[in-house]
Amino acid sequence: MRIFKSLLVLLIGLTALMYALQNLGEVDDLRRQLDAMPSAATSRAASWTGFALITLCQLLIAAVALKGAWELFAARRGTAEEFKEAKSTAVWAGGLSLLSWFGLSLMVGAGLFDWGTDRGAAALAKSFALGTTSALTILFVWGTRD
């Protein structure tokens with residue numbers, strides 16, 4: 001069960017990393033979308049700031065989750081107390097995922113990006129999926145016996 005928990009946290013990290021890399025790969029698409037909008041330069045700057053914050057947060061979630069997965073894997077043969085202590089970084093990854101969804105995607109993203117478009121709806125759905133699956137995973141990792 002301990003290795004399974006480590007793998008689940010690893011999946012959080014890989015998913016967040018995949019989303020961040022996908023964002024970075026779509027910079028040109030965002031640039032074209034913003035250039036096509038008849039908006040002020042401040043609106044474009046705010047959009048780029050929101051994009052950067054969301055992408056950096058995804059990279060942070062990935063780093064924390066990957067570190068948490070490694071700590072869980074390294075503590076797999078330790079005592080119950082050692083393994084429980086190793087869970088704390090993984091819990092941070094889940095918390096950061098929820099913070100990213102609530103704070104960045106719902107507040108910043110909804111205010112700066114057009115969630116009414118197909119592209120925006122897909123981004124919001126991905127954010128929701130990462131936040132909720134991470135939270136459920138961390139509840140399982142933290143709340144079940146080892």
Side-chain angles (χ1 to χ4, degrees), residues 1-34 36-37 43-146:
M1 182 64 91
R2 290 180 175 190
I3 290 176
F4 182 67
K5 289 180 178 184
S6 177
L7 288 173
L8 287 174
V9 176
L10 175 68
L11 289 174
I12 292 171
L14 293 176
T15 302
L17 182 61
M18 177 185 64
Y19 286 174
L21 293 176
Q22 187 177 22
N23 285 350
L24 293 173
E26 295 177 353
V27 167
D28 287 336
D29 290 342
L30 180 61
R31 182 179 295 118
R32 280 192 295 275
Q33 180 182 358
L34 292 175
M37 294 173 57
S43 177
R44 287 191 181 116
S47 293
W48 282 113
T49 301
F51 175 81
L53 283 172
I54 289 169
T55 303
L56 287 173
C57 192
Q58 289 168 338
L59 289 170
L60 178 63
I61 292 165
V64 173
L66 294 173
K67 183 179 186 299
W70 175 253
E71 288 176 359
L72 288 172
F73 184 76
R76 72 190 180 283
R77 292 194 175 108
T79 65
E81 189 59 37
E82 289 170 337
F83 190 73
K84 184 176 181 179
E85 186 176 316
K87 292 178 181 182
S88 63
T89 303
V91 170
W92 272 99
L96 287 170
S97 293
L98 285 174
L99 178 67
S100 172
W101 176 49
F102 282 122
L104 293 177
S105 295
L106 291 179
M107 295 175 73
V108 174
L112 298 176
F113 298 106
D114 186 10
W115 290 135
T117 65
D118 290 340
R119 191 178 180 93
L124 187 57
K126 286 180 182 180
S127 176
F128 175 76
L130 179 62
T132 56
T133 56
S134 297
L136 289 172
T137 300
I138 296 308
L139 285 172
F140 173 76
V141 167
W142 185 260
T144 58
R145 286 185 43 172
D146 303 320

Here the gap from I54 atom CD1 to K126 atom NZ, rounded to the nearest 0.5 Å, amounts to 12.5 Å

Taking every non-hydrogen atom, the tightest pair across W101 and G131
CB-CA, 4.5 Å

Sequence neighbours left out, what passes side chain to side chain donor-acceptor pair (under 3.5 Å) with S6? Give chain and number order.
none

What do you reckon, is CZ of F4 surrounded by more than 12 foreign heavy atoms closer than 6.0 Å?
no

Applying side chain to side chain donor-acceptor pair (under 3.5 Å), name anything that partners T137, two or more places apart in sequence or on another chain.
none

Rounded to the nearest 0.5 Å, what separation is found between the CZ atom of F51 and the CZ atom of R31?
9.5 Å

On a heavy-atom basis, which atom in I61 and which in A16 lie closest, and how many Å separate them?
CG2-CB, 3.7 Å

Atom CD of residue position E85 - does it have more than 12 heavy atoms of other residues, nucleotides or ligands inside 6.0 Å?
no

Do L60 and W92 come within less than 4.5 Å of each other through their side chains, counting heavy atoms only?
no

Say you draw a straight line from CG of L96 to CD of Q58; how long is it, rounded to the nearest 0.5 Å?
12.0 Å

Please name the pair of heavy atoms, one in M1 and one in F140, separated by the smallest distance, quoted to 0.1 Å.
SD-CZ, 3.8 Å

Any side-chain heavy atom of S100 sitting closer than 4.5 Å to one from L130?
no

Can you find a pair of side-chain heavy atoms, one from F83 and one from K5, that are under 4.5 Å apart?
yes

Shortest non-hydrogen contact from I12 toward A65
CG2-CB, 3.9 Å

Tell me, do M18 and L14 make a side-chain contact under 4.5 Å, heavy atoms counted?
no

Salt bridge (charged side-chain N to carboxylate O under 4.0 Å, His left out) partners for R145, two or more places apart
none

Taking only residues two or more places apart in sequence, or in another chain, which ones meet K84 in a side chain to side chain donor-acceptor pair (under 3.5 Å)?
none

Which value, rounded to the nearest 0.5 Å, describes the distance between E82 atom CD and R77 atom CZ?
13.0 Å

Could you pull out the closest heavy-atom pair between A20 and L59, with the gap in Å?
CB-CD2, 3.6 Å

Quick one: list whatever passes side chain to side chain donor-acceptor pair (under 3.5 Å) with T15, sequence neighbours left out.
none

In the structure I gave you, are the side-chain heavy atoms of V141 and L72 within less than 4.5 Å of one another anywhere?
yes

How many angstroms lie between atom CG of L8 and atom OG1 of T133, to the nearest 0.5 angstrom?
10.5 Å

Tell me the closest heavy-atom pair linking W142 and S88, and the distance in Å.
CZ3-N, 4.5 Å

Restricting to ring pair (Phe, Tyr, Trp, His ring centres under 6.0 Å), what partner residues turn up for W70, sequence neighbours left out?
F73

